[in-house]
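Heads up, the thing below is written out as structure tokens.
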Amino acid sequence: QVQLVESGGGLVQAGGSLRLSCAASGLTFSRYAMGWFRQAPGKEPEFVAVISWSGDSTYNSNSVKGRFTISTDNAKNTVYLQMNSLKPEDTAVYYCAAARGSLLYTRTHHYDYWGQGTQVTVSS
């Protein structure tokens with residue numbers, strides 16, 4: 001049974017930082033691209049960042065480029081999202097997801113497994 005469990009969300013002031021973690025179990029971590037998405041109230045899910053199954057390549061959305069960094073620790077089957085210079089518009093539920101394959105997937109339908117989400121709230 002595949003499980004993705006996010007942690008690290010919370011309330012932070014604008015300009016602050018948070019690091020989200022997503023622990024994966026039940027899958028061969030090195031065969032999956034790992035992505036982060038977010039969804040604000042009343043909005044569609046938004047792609048945030050993805051890292052390839054090899055860990056060699058990453059891709060960020062324009063809205064977070066230069067502020068967020070995705071990384072993995074294959075020994076721990078964990079993917080991270082380091083979020084710096086947070087803005088109120090970053091407020092959302094953040095989800096990690098796993099997509100089997102070698103590409104950098106940015107669409108929700110590419111992903112096979114999803115976590116339950118963790119709330120990030122940025123106050124102004």
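Keep in mind the model is a prediction, meaning the values are calculated, not measured.
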Looking at Phe37 versus Tyr111, is the centre-to-centre ring distance below 6.0 Å?
yes

Ignoring hydrogens, what is the shortest heavy-atom contact between Tyr105 and Ala33? Give both atom names and the distance.
CD1-CB, 3.8 Å

Ignoring hydrogens and geometry, is there a side-chain-to-backbone donor-acceptor pair from Thr118 to Gly9 under 3.5 Å?
yes

Asn84 versus Ser17, side-chain donor and acceptor atoms under 3.5 Å
yes

Is there side-chain contact between Asp90 and Arg38, with heavy atoms separated by less than 4.5 Å?
yes

When you look at Phe47 and Arg107, which way does the side-chain contact (heavy atoms from CB on, under 4.5 Å) test go after all the steps?
CA-CA 7 Å; Phe47 164 77; Arg107 302 293 181 94; over 6 Å; no

When rounded to the nearest 0.5 Å, the distance separating CD of Gln119 from CD of Gln39 is 11.0 Å

Ser30 side chain near Trp53 side chain, heavy-atom distance below 4.5 Å:
no

Has Lys43 got more than 12 heavy atoms of other residues, nucleotides or ligands less than 6.0 Å from its NZ?
no

Contact check, side chains of Glu6 and Gln116, non-hydrogen atoms, under 4.5 Å
yes

Does Asn60 use its side chain to pair, donor to acceptor, with the backbone of Thr69 at less than 3.5 Å?
no

Nearest atoms (heavy-atom pairs only) where Ser124 meets Pro88
CB-CG, 3.8 Å

Under a 4.5 Å cut-off applied to non-hydrogen side-chain atoms, are Ser63 and Glu46 in contact?
yes

Run the side-chain hydrogen bond (donor to acceptor under 3.5 Å, both in side chains) test against Glu89 and tell me which residues pass, sequence neighbours left out.
none

Nearest heavy-atom approach of Arg67 to Ser85 is NH1-O, 2.9 Å

Supply the members, apart from Val48, of the Ile/Leu/Val/Met/Phe/Trp/Tyr cluster built from side-chain contacts under 4.5 Å; use none for a lone residue.
Val2, Leu4, Val12, Leu18, Leu20, Leu27, Phe29, Tyr32, Met34, Trp36, Ile51, Val64, Phe68, Ile70, Val79, Leu81, Met83, Leu86, Tyr94, Tyr113, Val120, Val122

One pair to check against side-chain contact (heavy atoms from CB on, under 4.5 Å): Ser52 and Thr58. What are the steps and the verdict?
CA-CA 6 Å; Ser52 64; Thr58 63; over 6 Å; no

